[in-house]
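In listed order, ligands and their atoms are each counted from 1. Note that the numbering runs from 1 along the sequence shown for the chain. Worth knowing before you read on, the calculation uses all heavy atoms, side chains too, and leaves out hydrogens, waters and symmetry mates. All figures in this text were calculated on a predicted structure; none of them were measured in a lab.
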Amino acid sequence: MGRVGVLLLNLGGPDKLEDVGPFLYNLFSDPEIIRLPFRWMQKPLAWFIATRREKTSQENYKQIGGGSPLRSITEEQGEALKTQLDAMGKEANIYVGMRYWHPYTEEAIAQLAQDNIDKLVILPLYPQFSISTSGSSFRLLEKLWQENPKLQPLEYTVIASWYKQPGYLQAMAELIIEQLNQFPNPDQAHIFFSAHGVPKSYVVEAGDPYQQEIEECTQLIMQTLNRPNAHTLAYQSRVGPVEWLQPYTEDALKELGEKGVKDLVVVPISFVSEHIETLQEIDIEYREIAEEAGIENFRRAAAPNTHPVFIQALADLVIESLEKPDLKLSQVTQMKKKVKMYPQERWEWGMTTSAEVWNGRIAMLGFIALIIEIITGRGLLHAIGLLQ
Ligand SMILES: C=CC1=C(C)c2cc3[nH]c(cc4nc(cc5[nH]c(cc1n2)c(C)c5CCC(=O)O)C(CCC(=O)O)=C4C)c(C)c3C=C
Ligand SMILES: [Fe+2]
C-alpha cells in the first residue's frame with residue numbers, strides 16, 4: 001500500500017469573538033442539526049437563531065479566552081497521531097476537516113485530492129455516532145465525492161463509531177482515576193457522566209443510535225475502571241424549546257445534591273477535546289449549580305486531548321481499519337437511511353406523532369410569516385396580494 005491519509009472530522013469552533021455569529025449560522029444551516037420539513041426554511045431560520053444566540057454565545061466564549069480551542073487541540077491530536085503511526089511503521093498524512101468552521105472539510109478534501117493519497121481513513125473525533133455529528137460530516141463527504149470526479153478513484157474506508165475501542169476506554173478510566181485520587185476517600189466519590197444531548201426525536205423517531213451508544217460506552221468505561229463508585233449518566237447543552245434526551249445534567253446534579261452527595265467527578269463523555277461545553281458549561285455553569293445544590297467537591301476529568309493512551313488508541317483504530325474490508329460512505333449513511341432520517345413521512349389520524357409534526361409545521365409557517373412581517377413591515381397576505 002502507498003501513501004496513507006487520515007481525515008480527522010470534528011465540529012469546529014469560532015477562533016475569535018467575531019466568528020461566533022457566522023459559526024452559529026453555519027451550524028444552524030445544517031439540516032442534521034435543525035430538522036425542518038421544508039428546505040427553504042433552513043437559511044432564514046438559521047440566520048434568525050444565530051442572530052438571537054450570538055451575544056449569549058459570545059459571552060460564553062469570552063469566559064474561555066475569546067475563542068474555541070478545538071482547532072488547536074485537534075491539530076495537536078493530528079500531529080501526535082502522525083508521530084505514533086510513524087513509530088508503528090505506518091507513514092501517514094493527517095488532515096483536519098471541520099464541519100462548521102475552519103479548516104472546513106471542503107478545504108481538507110481539496111488538499112488531499114492534490115496530495116496523491118493512495119488510501120484514506122475517515123476518522124470522526126466523536127466516539128459515538130449521532131446523525132447530528134458524524135452523520136452530518138459523512139453526508140457532506142458523500143456529496144463532495146459525488147461532485148468531484150477527481151475523488152472517485154481514491155480508495156477510502158470510514159470508521160463509523162469507536163466507543164468500544166479498548167485504548168479509548170483505558171484512557172477514559174485513567175483520566176477518571178486521576179480525579180478520584182484527589183479525594184481523601186476515592187471510592188465514595190460519585191462519577192457523573194455528562195454527554196452532549198440531542199433532541200429526543202432524533203432517537204425515538206429518527207432512530208439515532210446515539211443514546212444506546214452513550215449508555216453502552218458508560219457501562220464499558222465503568223467496567224474498565226473496575227471501582228465500586230456509584231455513577232450517573234445525564235445529558236447537557238440543550239438548545240431550543242423541544243425535549244432533549246433526559247435526565248438533563250442540571251436536574252441530575254440538583255438531585256444528587258439533595259441526596260447528600262458531596263464529592264463528584266464529572267466525566268465529559270461525548271467529546272475527546274476541551275471546548276466550550278467542557279471549559280465553560282461544565283467548569284463554570286454546572287459547577288455553580290452543583291455547589292448551590294450542596295455538592296462540596298466538584299472535580300472534572302480532563303478530555304482525552306493528546307493523552308498518550310488515547311493517541312495510541314487512535315493509531316490502533318487507523319491500522320485496524322486498514323486491515324479490515326473497506327466501509328463506504330454510502331454504507332454508513334444508508335445504514336442511517338434505514339431508520340427514518342426525516343420522521344415525518346406518513347400521515348396517521350388521531351393524537352399521533354404525525355399530527356404533532358403537522359402542528360409543528362403549521363406553527364413554523366406561522367412563525368416564518370411573523371418574521372417576514374417584522375423584517376419587511378408587510379404581512380404575508382399583503383405580500384401575496386390578498387390585502388392592500
Ligand atoms: C457529540 C457531540 C455533539 C453533539 C451530539 C452535538 C449536537 C448538537 N449541538 C447543537 C448545538 C450547538 N453545538 C455547539 C457547539 C458544539 N457542539 C459540539 C458537540 C456536539 N454537538 C462541539 C464540539 C461544539 C463546539 C464547541 C466549541 O468549542 O466551539 C453550539 C455552539 C456553542 C453555543 O452557542 O453553545 C451549538 C449552538 C445541537 C442543536 C445539536 C443536536 C441537534
Ligand atoms: Fe453541539
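For ligand 1, the polar-atom distance check finds an N/O of Ser68 within less than 3.5 Å of one of the ligand's N/O atoms. Between Ile33 and ligand 1, a contact under 3.5 Å exists for no N or O pair. Considering backbone and side-chain atoms together, Arg53 places an N or O closer than 3.5 Å to an N or O of ligand 1.
The environment of NZ in Lys200 is sparse: at most 12 heavy-atom neighbours from other residues, nucleotides or ligands sit within 6.0 Å. The number of heavy atoms from other shown groups lying within 6.0 Å of NZ (Lys164) does not exceed 12.
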Query raised in the report: Lys62 and Glu59: salt bridge (charged side-chain N to carboxylate O under 4.0 Å, His left out), yes or no, with the steps?
Result: CA-CA 5 Å; Lys62 262 187 209 162; Glu59 287 307 314; 3.1 Å; yes
Report task. Mind running side-chain hydrogen bond (donor to acceptor under 3.5 Å, both in side chains) on Ser321 and Thr157 for me, showing each step along the way? Result -> CA-CA 7 Å; Ser321 78; Thr157 187; 5.4 Å; no
Query - Stepwise side-chain hydrogen bond (donor to acceptor under 3.5 Å, both in side chains) test for Ser273 and Asn305 - result: CA-CA 5 Å; Ser273 325; Asn305 293 335; 4.7 Å; no
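Under the 4.5 Å side-chain heavy-atom criterion for Ile, Leu, Val, Met, Phe, Trp and Tyr, Phe192 and Leu175 are members of distinct hydrophobic clusters.
The closest approach between a heavy atom of Phe129 and any atom of ligand 1 is not below 4.0 Å. Ligand 1 is never approached by Leu279 to a heavy-atom distance shorter than 4.0 Å. Ligand 1 lies within reach of Tyr202, whose nearest heavy atom is under 4.0 Å from it. Contact annotation: Pro14 has at least one heavy atom less than 4.0 Å from an atom of ligand 1.
Nearest to atom 12 (C) of ligand 1 among the protein's heavy atoms is Leu27 CD2, 3.6 Å. In terms of protein heavy-atom proximity, atom 29 (O) of ligand 1 is closest to Tyr61 OH, 2.4 Å. Remark: minimum distance from atom 38 (C) of ligand 1 to any protein heavy atom is reached at Trp244 CH2, 3.6 Å. From the protein, the heavy atom lying nearest to atom 25 (C) of ligand 1 is Leu11 CD2, 3.4 Å.
Near Val198, meaning under 4.0 Å from any of its heavy atoms, are these atoms of ligand 1: 5 (C). Ligand 1 places these atoms under 4.0 Å from at least one heavy atom of Phe23: 31 (C). Atoms of ligand 1 lying under 4.0 Å from at least one heavy atom of Phe28, given by number and element, are 37 (C). Near Pro199, with a cut-off below 4.0 Å to any heavy atom, the atoms of ligand 1 are 41 (C), 42 (C). Listed by number with element, the atoms of ligand 1 under 4.0 angstrom from any heavy atom of Gly13 are 29 (O).
Residue-level proximity to ligand 1 for Thr133 is carried by the side chain, the only part with a heavy atom below 4.0 angstrom. Contacts of Ser132 with ligand 1, taken as heavy-atom pairs under 4.0 Å, involve the side chain alone. Residue contacts with ligand 1 for Ser237 are absent, since no atom lies close enough (heavy atoms, distance under 4.0 Å). Contact annotation for Ile34 and ligand 1: no heavy atom of the residue comes within less than 4.0 Å of the ligand.
For atom 9 (N) of ligand 1, the candidate residues are His196, Gln58, Gln236, Glu274; the nearest heavy-atom contact is made by His196. Of the candidates Glu54, Glu281, His275, the one placing a heavy atom closest to atom 23 (C) of ligand 1 is His275. Nearest to atom 17 (N) of ligand 1 by heavy-atom distance, out of Glu277, Gln128, Glu59, is Glu277. Atom 34 (O) of ligand 1 has its nearest heavy-atom neighbour, among Ser57, Gly12, Ser273, in Ser57.
Cation-pi contact between Arg99 and Tyr104: absent, since separation from the ring centre below 6.0 Å together with deviation from the ring axis within 45° is not met.
Between Phe38 and Trp40, the angle of the ring planes stays under 30°, which puts this pair in the parallel group of the 30/60° scheme.
For Tyr156 and Trp145, the ring centers are positioned less than 6.0 Å apart. Aromatic pair Trp162/Tyr168: centroids less than 6.0 angstrom apart.
At distances below 3.5 Å, at least one donor-acceptor pair connects side-chain atoms of Glu213 with backbone N or O atoms of Phe129. Without hydrogens or angle criteria, Thr333 side chain to Leu329 main chain gives a donor-acceptor distance under 3.5 Å.
When Val121, Ile122, Leu81 are each tested for a side-chain contact (heavy atoms from CB on, under 4.5 Å) with Leu8, only one passes: Leu81.
In this structure the side chain of Val265 never reaches within 4.5 angstrom of the side chain of Gln182, judged on heavy atoms.
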